[in-house]
Amino acid sequence: MATHDPDLRKELDATLQTRKELGPEYESELLESFLEKLDANVDRRVRRQLAEQQIQVARGTLPPRRTGHGREFWERFGVAALSLLLAIPLSTVAAVHTGLPGLLVTWAGIVGVNAAHGTVRWNPLRPRTDRRDGAAD
């Protein structure tokens, strides 16, 4: 079962209530504001998880990541599966409250997140070796 962030849920409820009060004229601004808060929330969680993993690697309680072994596939699969799982409630909210334009914006965001994740080859746990002296960071 997914964990729900109560603060994010309150933000969504407040955004929907504000949309009801202000009407469709402010819809795009409200949606953009909520998506920025959602993005910040995801960034904060990812940074926290990466920091926890780095601490575990430094302590020796978590082996460092190795390239290959299908791990990259499962990471990409997990992001894709999670985004599709989140697409269900996001699409419902967008379609009910904003119609087709909101649904299109929602799916553009979902596709954008998956495309960005699919093209980036950044691994924060792999030491950098691109410096002149070849030393890791």
Side-chain angles (χ1 to χ4, degrees):
M1 177 152 225
T3 47
H4 299 285
D5 185 347
D7 293 332
L8 198 55
R9 179 65 188 188
K10 288 177 187 176
E11 282 295 330
L12 176 60
D13 291 340
T15 301
L16 293 175
Q17 185 61 36
T18 304
R19 192 265 180 203
K20 287 179 185 176
E21 293 172 6
L22 297 178
E25 300 86 33
Y26 295 97
E27 212 164 77
S28 62
E29 290 87 357
L30 290 170
L31 179 60
E32 192 169 319
S33 172
F34 177 74
L35 289 176
E36 286 174 4
K37 291 173 185 170
L38 178 63
D39 189 37
N41 185 292
V42 170
D43 285 346
R44 186 180 72 247
R45 286 183 180 190
V46 168
R47 274 191 238 108
R48 184 178 342 125
Q49 287 177 346
L50 289 175
E52 289 172 0
Q53 287 177 353
Q54 288 174 338
I55 290 170
Q56 289 176 343
V57 168
R59 289 180 180 162
T61 58
L62 178 72
R65 292 177 140 181
R66 294 185 210 158
T67 58
H69 302 292
R71 184 173 189 127
E72 185 176 322
F73 167 79
W74 288 110
E75 288 174 357
R76 292 179 192 276
F77 178 79
V79 168
L82 180 63
S83 67
L84 289 175
L85 183 67
L86 292 173
I88 296 167
L90 290 173
S91 296
T92 303
V93 169
V96 168
H97 294 286
T98 63
L100 183 60
L103 188 60
L104 292 175
V105 168
T106 300
W107 275 95
I110 293 166
V111 169
V113 165
N114 280 284
H117 184 73
T119 58
V120 173
R121 298 220 181 264
W122 176 72
N123 184 346
L125 296 179
R126 187 180 310 140
R128 282 183 49 190
T129 57
D130 60 346
R131 295 189 341 198
R132 284 186 209 148
D133 61 359
D137 280 343

Requested in this report: Rounded to the nearest 0.5 Å, what's the gap from CG on Asp43 to CG on Leu38? Could you check?
Outcome: 9.5 Å
Query raised in the report: What do the steps show when you test Leu31 against Thr98 for side-chain contact (heavy atoms from CB on, under 4.5 Å), and what is the final call?
Result: CA-CA 10 Å; Leu31 179 60; Thr98 63; 5.6 Å; no
Requested in this report: With sequence neighbours excluded, tell me which residues meet side chain to side chain donor-acceptor pair (under 3.5 Å) with Thr18.
Outcome: none
Requested in this report: Answer yes or no: does atom CD of Glu32 have more than 12 heavy-atom neighbours from other residues, nucleotides or ligands under 6.0 Å?
Outcome: no
Query raised in the report: Do you know the tightest heavy-atom contact between Ser83 and Asn114?
Result: OG-ND2, 2.8 Å
Requested in this report: Begin from the C-alpha positions of Arg45 and Val42 and carry the test side-chain contact (heavy atoms from CB on, under 4.5 Å) through to its verdict.
Outcome: CA-CA 5 Å; Arg45 286 183 180 190; Val42 170; 5.8 Å; no
Query raised in the report: Are the side chain of Ser33 and the backbone N or O of Glu29 linked by a donor-acceptor pair below 3.5 Å?
Result: no
Requested in this report: Write down the atom of Phe34, the atom of Leu8, and the distance for their closest heavy-atom approach.
Outcome: CE1-O, 3.9 Å
Report task. Report yes if the side chains of Asp7 and Glu11 come closer than 4.5 Å at any heavy-atom pair, otherwise no. Result -> no
Requested in this report: First locate atom NE2 of His97, then atom OG1 of Thr92, and finally report the distance between them rounded to the nearest 0.5 Å.
Outcome: 9.5 Å
Requested in this report: Rounded to the nearest 0.5 Å, what's the gap from NZ on Lys10 to OG1 on Thr15? Could you check?
Outcome: 14.0 Å
Requested in this report: Look at the side-chain heavy atoms of Ile, Leu, Val, Met, Phe, Trp and Tyr, link any pair under 4.5 Å apart, and say whether Leu16 and Leu35 land in one connected group.
Outcome: yes
Query raised in the report: Does Arg19 use its side chain to pair, donor to acceptor, with the backbone of Leu30 at less than 3.5 Å?
Result: no
Report task. Identify the heavy atoms of Leu103 and Ala94 that sit nearest to each other, and give their distance. Result -> N-CB, 3.8 Å
Query - ILVMFWY cluster, Leu90 and Leu12 together (side-chain gap under 4.5 Å) - result: no
Query raised in the report: So if you build clusters from Ile, Leu, Val, Met, Phe, Trp, Tyr with side-chain heavy-atom gaps below 4.5 Å, do Val93 and Val105 land together?
Result: yes
